[in-house]
S.K.: 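Let me begin by handing over the structure; questions about it come next.
Here is the naming used below: chain letters follow the sequence lines, and residue numbers restart at 1 for every chain. Bear in mind the structure is a predicted one, so any value in this text is a computation, not a measurement.
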Amino acid sequence: MGKLILAASLGLTCLLSTATVALAEAPGTEDPNNWPQYNRTSNAWRYSPLDQINKDNVSKLSVAWIAQGGDITMGIQETPLAIDGVIYSITSGNRVAALDAKTGQEVWNYQPKLDPLTKKVLFSPYSRGVAVGDGKVFIGTVDGRGIALDQKTGKEIWQVQLTDFANCHGCNFTSPPVVAGDMLTFGSTAGELATQGKIFGVEAKSGKKVWEFNTIKDDPKSWPGTSGKYGGGGAWMPGTYDAETNTVFYGTGNPGKDFINEDRQGDNLYTDSIVALDPKTGNLKWYRQEIKQDVWDYDSAYEVLLFKKDGKDLIVHMNKSGYVFVLDKNDGSIENIWPVSDLKNFVKDIDKRTGELIGRVELPMNQETLICPSTFGGRSWNAGAYNPNTGLWYNNVLDFCGYLKPVAQKDDPKDYGTGHIGASDFGRLVMAPDGRKPGRLDARDPFTGERKWTHEMDMPGFAGVLTTGGGLVFNGDPTGILRAFDADTGKVLWSFNTGSGMRSGIISYAVAGEQYILVPSGWGSYAAILLPALFPQLEKMPAASTLIAFKLPK
Amino acid sequence: MMYKLVLMTIACIFVGDAAYPQENVPNLKDPTMIAAGHDLFLQKQCSRCHGEGGKGGINLARRALDPRGVFQAIADGRMGSGLRMPASRDVLTDEEIWKATAYVMSISQQPK
């Protein structure tokens with residue numbers, strides 16, 4: 001990765017001004033000016049070491065530029081990238097744009113012609129980001145293609161159809177590939193779609209598909225009878241590439257049929273798991289399943305963080321259930337497991353040593369069962385952020401529940417608009433029975449879960465968190481309010497109304513000696529469709545697809 | 001003069017009817033059709049975005065809808081207000097779409 005990014009930046013030196021602003025290089029904080037991949041660094045911390053914007057001056061932040069992403073369908077869900085003075089952005093309909101990071105001016109744009117079937121499928125037409133490496137910008141499309149563009153011009157270099165989109169329910173991409181050395185890995189959507197979710201290995205240079213990893217294990221013990229045929233799984237968020245061990249780590253999606261486990265009385269591997277793959281071959285090095293035989297829609301798709309602690313290489317990973325798994329990076333063995341919230345009733349607990357689900361709650365057919373957290377999870381897919389200076393991991397927590405009611409549903413793999421869910425909905429959302437606030441921003445030790453501070457909210461956060469070397473945490477909410485917090489205390493230092501709700505990743509970068517905070521704003525996604533039932537004020541929230549760049553006045 | 005105007009009006013009505021032949025809209029008030037529409041609403045998971053009774057998520061009961069608009073929304077999908085509803089043409093038959101329409105009309109605000 002390092003090498004690829006370097007090669008890419010050399011090609012762009014004309015755009016480089018001698019920047020910043022920061023800090024000696026520490027592990028995981030290389031290229032302080034840039035945000036070169038989805039979670040910024042290969043440890044997936046979402047930490048920017050830039051410190052020009054700090055606790056003392058954050059209240060002076062002002063708008064430097066605004067850029068519109070075009071089509072607003074399903075809002076804006078991406079984490080943009082910033083490399084050597086250029087922003088790489090993807091918006092609805094897989095429209096990709098390169099923008100001048102100082103002015104927001106568009107340098108080029110590209111939009112693939114999408115298969116009309118994308119109008120019928122469930123998870124479309126949004127994307128969570130692009131990847132950059134080898135002088136190219138890579139995207140995964142909502143019709144199942146991988147596409148490489150010239151980083152300087154936006155011209156298409158290659159494209160490859162990775163899935164049999166027309167015949168395969170949910171075989172598309174809503175996230176960018178991972179650049180893993182000279183390979184790319186793409187994770188398909190799957191989950192509650194009638195398919196077997198795959199991860200694909202592709203040559204970055206040529207687009208040649210080299211391998212496929214099936215997240216549904218071919219094993220009758222894990223999947224009795226034909227239950228694995230539409231087992232779901234998949235990997236709908238970007239994985240983490242670890243150059244040190246040449247491994248790509250992915251969290252996988254939930255098993256299908258969602259909510260009903262009658263036919264799949266096994267572990268249902270490798271759903272709801274972390275899989276460690278060799279990016280050259282797709283060979284499985286190890287896996288750790290977090291939720292066995294899931295009936296609550298608790299995907300493991302979220303970001304995989306890497307740490308070195310007391311001579312150990314660790315993974316910290318949150319499952320949608322709200323349980324955080326601390327694992328040995330080299331074999332996936334369990335170091336610790338802790339919950340982000342005590343509002344959980346799908347199990348009594350998860351055994352901290354063995355990972356066993358203790359006292360799991362099954363869902364009887366045709367009747368409602370109250371399950372906490374809801375199918376939105378103990379946190380949404382939008383990543384948290386870890387700050388090495390405070391040693392704290394900042395995460396939005398969703399403290400509300402849902403009534404799940406499994407009912408018999410017919411399978412029809414051609415029925416693109418219907419989920420492979422044994423229910424007629426994703427649960428009737430309700431507030432927590434104990435009357436607590438529905439959301440918080442928590443600052444915790446990532447290994448023990450010990451909480452340093454919390455910020456309670458009437459409107460929970462559904463966007464990614466950013467933390468910086470300036471001792472700040474940035475977080476946005478569905479009503480469009482962006483807040484800057486003191487990373488040590490949780491005190492709100494600044495806020496700004498962005499005009500539409502936030503569902504994407506806030507980043508920071510520097511160009512020409514100035515630090516920017518770049519904030520995507522534009523309400524959309526399934527949250528926008530489903531949440532008004534619980535938060536009526538969201539019913540009228542206008543959608544948008546906007547990038548807003550903030551900096552300090554000169 | 002009078003005679004001509006009347007003629008024109010008749011012509012207009014005729015054109016309107018020719019574009020949307022009345023007989024193609026089935027009887028949406030038929031209770032068995034409404035019930036079948038509700039089954040479909042659950043089976044095809046319209047309820048996923050609209051709630052089991054059409055009143056959760058995107059609330060359909062608060063909208064004033066007309067049958068042809070509903071048919072078209074179901075057939076071609078909707079991209080209103082930045083949100084998106086998948087298209088169902090070829091996924092559902094016209095007959096099924098009319099059933100779903102009958103159910104939606106039964107819960108929506110009828111125009112006065």
Side-chain angles (χ1 to χ4, degrees), chain A residues 71-76 92-93 116-126 192 258 368 375 403 405 407-410 412 414-429 500-501 522-534 536 538-545, chain B residues 34-65 70-101 103-104 106-109:
Chain A
D71 186 353
I72 62 171
T73 303
M74 295 298 251
I76 187 167
S92 190
L117 197 53
T118 52
K119 286 201 167 23
K120 292 186 179 161
V121 304
L122 263 186
F123 300 114
S124 179
Y126 50 87
E192 57 275 11
D258 219 356
E368 285 192 327
T375 51
Y403 281 98
K405 181 177 156 193
V407 296
Q409 287 258 357
K410 281 190 222 98
D412 177 0
K414 276 281 178 189
D415 190 352
Y416 306 101
T418 307
H420 188 51
I421 61 177
S424 51
D425 59 25
F426 281 123
R428 185 164 61 81
L429 300 177
S500 181
W523 191 229
S525 82
Y526 275 87
I529 293 173
L530 302 181
L531 288 178
L534 199 56
L538 292 179
E539 197 172 352
K540 296 272 181 285
M541 177 51 56
S545 180
Chain B
I34 293 172
H38 190 220
D39 286 349
L40 213 120
F41 197 82
L42 299 175
Q43 272 295 331
K44 295 296 168 187
Q45 300 165 11
C46 313
S47 40
R48 211 175 47 221
C49 300
H50 296 296
E52 282 196 358
K55 298 189 175 85
I58 307 286
N59 188 324
L60 295 176
R62 283 212 293 273
R63 294 187 180 215
L65 298 169
V70 170
F71 184 97
Q72 201 183 351
I74 300 170
D76 299 331
R78 278 292 297 255
M79 297 238 196
S81 336
L83 301 176
R84 172 185 171 272
M85 162 166 152
S88 292
R89 205 185 285 282
D90 307 329
V91 174
L92 300 181
T93 63
D94 281 11
E95 200 188 327
E96 287 174 316
I97 296 179
W98 280 123
K99 284 180 185 157
T101 302
Y103 171 67
V104 170
S106 77
I107 58 164
S108 79
Q109 286 175 8

S.K.: Under 4.5 Å heavy-atom distance to chain A, tell me which part of B/Arg62 shows up: side chain, backbone, both or neither.
M.R.: side chain

S.K.: Can you tell whether the side chains of B/Arg48 and A/Glu192 come within less than 4.0 Å, N to carboxylate O?
M.R.: no

S.K.: Tell me the closest heavy-atom pair linking A/Ala533 and B/Gly57, and the distance in Å.
M.R.: CB-N, 3.5 Å

S.K.: Between B/Gly82 and A/Ala543, what is the shortest heavy-atom contact and its length?
M.R.: CA-CB, 3.6 Å

S.K.: For B/Glu96, give me all partners under side chain to side chain contact (heavy atoms under 4.5 Å, CB included), at least two apart in sequence or on another chain.
M.R.: B/Leu40, B/Leu92, B/Thr93

S.K.: Looking at A/Ser424 and B/Ser47, would you say the former's side chain and the latter's main chain have a donor-acceptor pair under 3.5 Å?
M.R.: no

S.K.: Could you pull out the closest heavy-atom pair between B/Val91 and A/Lys120, with the gap in Å?
M.R.: CG2-CD, 4.0 Å

S.K.: How far apart are the closest heavy atoms of B/Leu83 and A/Thr73, and which atoms are they?
M.R.: O-CG2, 4.3 Å

S.K.: Flag the one option from B/Met79, B/Lys55, B/Gln45 with the top tally of heavy-atom pairs under 4.5 Å to chain A.
M.R.: B/Gln45

S.K.: Is it the case that the side chain of A/Gln409 and the backbone of B/Leu42 share a donor-acceptor pair, with hydrogens and angles ignored and the cut-off at 3.5 Å?
M.R.: yes

S.K.: What option among B/Ser88, B/Ala87, B/Gly77 has the most heavy-atom pairs under 4.5 Å with chain A?
M.R.: B/Ala87

S.K.: What's the spacing between B/His50 NE2 and A/Ile529 CD1 if we round to 0.5 Å?
M.R.: 8.0 Å

S.K.: Where does A/Leu122 contact chain B at under 4.5 Å (heavy atoms): side chain, backbone, both or neither?
M.R.: both

S.K.: So, taking the atom named CZ in A/Phe123 and the one named CZ in B/Arg84, what distance separates them when rounded to the nearest 0.5 Å?
M.R.: 10.0 Å

S.K.: Of all of A/Gly75, A/Gly419, A/Pro536, which one pairs up most often with chain B through heavy atoms under 4.5 Å apart?
M.R.: A/Gly419

S.K.: Under a 4.5 Å heavy-atom cut-off, does chain B meet the side chain of A/Ala408, its backbone, both or neither?
M.R.: backbone

S.K.: Sequence neighbours left out, what passes side-chain hydrogen bond (donor to acceptor under 3.5 Å, both in side chains) with A/Ser500? Give chain and number order.
M.R.: none

S.K.: Can you confirm whether B/Lys44 is buried at NZ, in the sense that more than 12 heavy atoms of other residues, nucleotides or ligands lie under 6.0 Å from that atom?
M.R.: yes

S.K.: Between A/Leu534, A/Val121, A/Thr118, who has the most heavy-atom pairs with chain B when the cutoff is under 4.5 Å?
M.R.: A/Val121

